[in-house]
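Remarks on the structure that follows.
Letters go in sequence order (proteins before strands), and every chain restarts at 1.
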Number of protein chains: 2
Amino acid sequence: MTTSRTKPERGRNALGPALELVHTGRAPTRAVLTTELGVTRATAGAVAGELQTLGLITVDARPGAAAGSQGRPSHRLTIADDGPVALAAQIHADGFRVALVGLGGRIVATAPACGEVHPDPAVALTEAVAAGAALLRATGRRCVGAGLAVPSAVTEPDGIALNPLHLRWPAGSPVREIFTRCLEEAGVPVTGFCGNDVNLAALAEHRHGAGHGARDLLCVATGHRGVGGALVLDGRLHTGSAGLALEVGHLTVDPAGRPCHCGSRGCLDVETDPMALLEAAGREPGPDGSLLDQACALARAAGPAGTADENARGATRALIDRLARGLAGLVNILNPDRIVLGGLHRALLEADPGRLRAGVADHSLWGRSGSVSIVPGTLDHGSLVGAAELAWQPVLDDPSTVLRVRAAAGT
Amino acid sequence: MTTSRTKPERGRNALGPALELVHTGRAPTRAVLTTELGVTRATAGAVAGELQTLGLITVDARPGAAAGSQGRPSHRLTIADDGPVALAAQIHADGFRVALVGLGGRIVATAPACGEVHPDPAVALTEAVAAGAALLRATGRRCVGAGLAVPSAVTEPDGIALNPLHLRWPAGSPVREIFTRCLEEAGVPVTGFCGNDVNLAALAEHRHGAGHGARDLLCVATGHRGVGGALVLDGRLHTGSAGLALEVGHLTVDPAGRPCHCGSRGCLDVETDPMALLEAAGREPGPDGSLLDQACALARAAGPAGTADENARGATRALIDRLARGLAGLVNILNPDRIVLGGLHRALLEADPGRLRAGVADHSLWGRSGSVSIVPGTLDHGSLVGAAELAWQPVLDDPSTVLRVRAAAGT
DNA sequence: TCGCTTTGTCACCCTCATGAACAAAACGGC
DNA sequence: GCCGTTTTGTTCATGAGGGTGACAAAGCGA
């Protein structure tokens, strides 16, 4: 009796968690995988082998000799250089960006930046997807999925952009549906995902950036226009029951402040965005560089080592104080253990970290006892990497799905 | 060869989820258990049998003939009448309450209410635990654990009450530690758990009350003094990274409002608590009934069918409007799919549901498109039931732990 | 060179849930 | 009243999946 057993393939259930550990850089070796996963060495070995045969990771032939350690050195687990990628796109007020992103949040290839967004979402997304498809053809990589970041609240699970007004797109555009159709037409047969840009940046910061290891991570960022927030709880993006959570732009930070289009006064949105800083400093928006870049430059120059005039310093201080009020309100409600700031808010933090941190502590109820660390974001293109995370998620949940991924279009 | 296998005991891993389904009333029969658990009938049967031998549930001998259904009728799964209980205690500004709570949130026995709380937490908790131990002796029930609800922010995981000021307890009292010591001294050898009263009421409403089935549940309630909030996400209480989340009392709801001890003005806390309503209506606090009861009575009388004067109606409307502002702010940040109101807030909702709901929709950004249902709480003693939930949680996670529970003290 | 420590792998075993067959308990139609 | 039909509950063999313990491998230091 030849017991032709077809391969037991141990460690199937632990496959997803294992890949996530490698993906987020928390499992450099099989030994670490063993402890992090809470399984035996045998299982961890089987899991690593399985991920290797799936073409997602590689195991070093020669173990890297870790200095000062005893015992047999462990082979390093690295993300496969020629593994599959996700197609990621970010649309913002001043243009769009397209890239291929591998596991580990590594940007593998980038299309030339585009500085114009067509007011018809179908046209704009067709352009973006075409750029992505060209990248796939050029690199010959397989594609596991596609993700899109937009500066708008996006409903779940249907993926409708409620207010993509800075793009001059119609409110309520079914962005996910349009995106998926564009992918089909471009011959990229993958699922399309869609999310708010700040939410996705927060996800990316949590997995690969300044939010790494935080339990309750709050992100607040100015984009090119307005303010957005996001929350990552236990590694999962909290988008609320309908995807509309963390609409923080309309927290009141100055009851006597300027009127906001929402009908209230002194909202975080109008008090701490790029335009607010330029106006407060008595500057006109200059011709070169985006509004965001100009405001960031001004805030940085207002730091201790900076060269700004007293006007700019005063305006920056005022914005820091209002941001502190807004963050304190959020701390009282969400009690995060880390806050990552992006865009102009990041520049404000870097201009005077002490003032912002003290302001938040003063205005939050448990400022003294609760300990929240406030840090700047570290990713250059967080929204882009986060969009890729959406596309990667099904693979992280069940790595064997990569087997269903066909070769890139055009090969 | 007598293969003396010690009983295979199938369905061990699904035991916890199964008990939770019965506990929350979502699995009345084995057939439902099968579908809800996503397992086969064989497994569901084994699981039910195991829970039965653990003494947690009972299976009807005679199947209840469901009207109008085909096929063999299913036996009903009910919570065992003589099963173990949790010791639950709630301390509030005007006294404390102690009860034994079985699975399903059913209050099995209650100690006579006490109207005084000793300013030394150790003394007060000794009294409360003594009342609980007496109940255990009187009923002869086994005890799986003990839970305590206090009107204060409670840190996690150490269980320190940061501001139990309405109890005249010292700020920073290590309540969980004291509670555990009292249990030991009273001869109740179980673990003690501790939480904020509104948080626990929210948990109870989610599992057994008006919050049942909600994905993202927000609870806001006035206690006897002040305002508290709580959030239940995917069935788990969100208490933030340090247990200090949902400190909603100091949201600004009226920039020109009365000063609050927090240094700001027009906080939800001082604008919508019982005292605020009485003052706005031009009433002095009467001698009989707690402040909370008097305020609730006034609000109810101000409803459409009520008998209140114009002063009371105007004051009630004003409070409803301010509450609506506060809730809208929370909706913008948290995007819950349901809001459960308790205490005076519940009375305000019931006085004029339309006004409150419209107010929230008007002030929230997605009021029209997002759909949040706002409902009154349905549990009489939510905090007490919620405190019991804390004690039950280890059993819900792994029902076999009840085997380690010893008989009640004094038998 | 020999211990010592840690990593990786193999053969065997144990747990748990599945799937299929069978039995049980209702209902409806004739 | 008897017979299909439907749904529920149980029994038993099977298989997936991970644990266990022994052994080999690969470094370090004496």
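Atom CG in B:N13 sits roughly 13 Å away from atom C1' in D:dA16 (whole-Å rounding). Following rounding to the nearest Å, A:D60 (CG) and D:dG27 (P) show an atom-to-atom distance of 13 Å. Taking atom CD of A:Q70 as the reference point, atom C1' of D:dA30 lies 13 Å away to the nearest angstrom. The interatomic distance linking A:R76 (CZ) with C:dT6 (P) rounds to 18 Å, in whole Å. Per the geometry, CG belonging to B:D398 stands 11 Å off P belonging to C:dC16, to the nearest Å. Spacing between atom CG of A:L77 and atom P of C:dG8 amounts to 8 Å, rounded to whole angstrom units. Atom P of nucleotide C:dA17 and atom CG of B:L15 are separated by 9 Å, given to the nearest angstrom.
A donor N or O paired with an acceptor N or O is not found under 3.5 Å between the base of C:dT6 and the side-chain atoms of A:R72.
Axis angle, first five pairs versus last five pairs of the helix from C:dT1-D:dA30 to C:dC30-D:dG1: 0°, rounded to 10°.
A:E389 and A:R207 are joined by a salt bridge, as a carboxylate oxygen and a charged side-chain nitrogen come within less than 4.0 angstrom of each other. In this structure, B:R141 does not pair ionically with B:D81, as no charged nitrogen and carboxylate oxygen lie closer than 4.0 Å.
For the pair A:S74 and C:dT6, the criterion of a side-chain N or O lying under 4.0 Å from OP1 or OP2 is not met.
Within a heavy-atom distance below 4.0 Å of DNA chain D, the residues of residues 30-41 of chain B found are B:R30, B:A31, B:R41.
In this structure, the separation between CZ on B:R142 and CG on B:D82 is 9.0 Å, given to the nearest 0.5 Å. Here CG of A:L15 is found 6.0 Å from CG of A:L54. Values are rounded to the nearest 0.5 Å. Here the CZ-CG distance, from B:R236 to A:D234, works out to 10.5 Å after rounding to the nearest 0.5 Å.
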Give the C-alpha distance, both sets of side-chain angles, the deciding distance and a yes or no for ring pair (Phe, Tyr, Trp, His ring centres under 6.0 Å) between A:H208 and A:H23. CA-CA 9 Å; A:H208 312 295; A:H23 175 57; 4.7 Å; yes
Tell me, with the steps shown, if A:R26 and A:T24 meet side chain to side chain donor-acceptor pair (under 3.5 Å). CA-CA 6 Å; A:R26 284 176 293 163; A:T24 55; 2.9 Å; yes
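In this structure, B:E205 contributes its side chain and B:A210 its backbone to a donor-acceptor pair below 3.5 Å.
In summary, the side chains of B:D398 and B:T401 do not present any donor paired with an acceptor at a separation below 3.5 Å, with no hydrogens or angles considered.
Ranked by how close their nearest DNA chain D nucleotide is to the 5' end, B:G71 and A:G71 are led by B:G71.
Set against D:dG18, D:dG27, C:dA25, the side chain of B:P73 has C:dA25 as its closest nucleotide.
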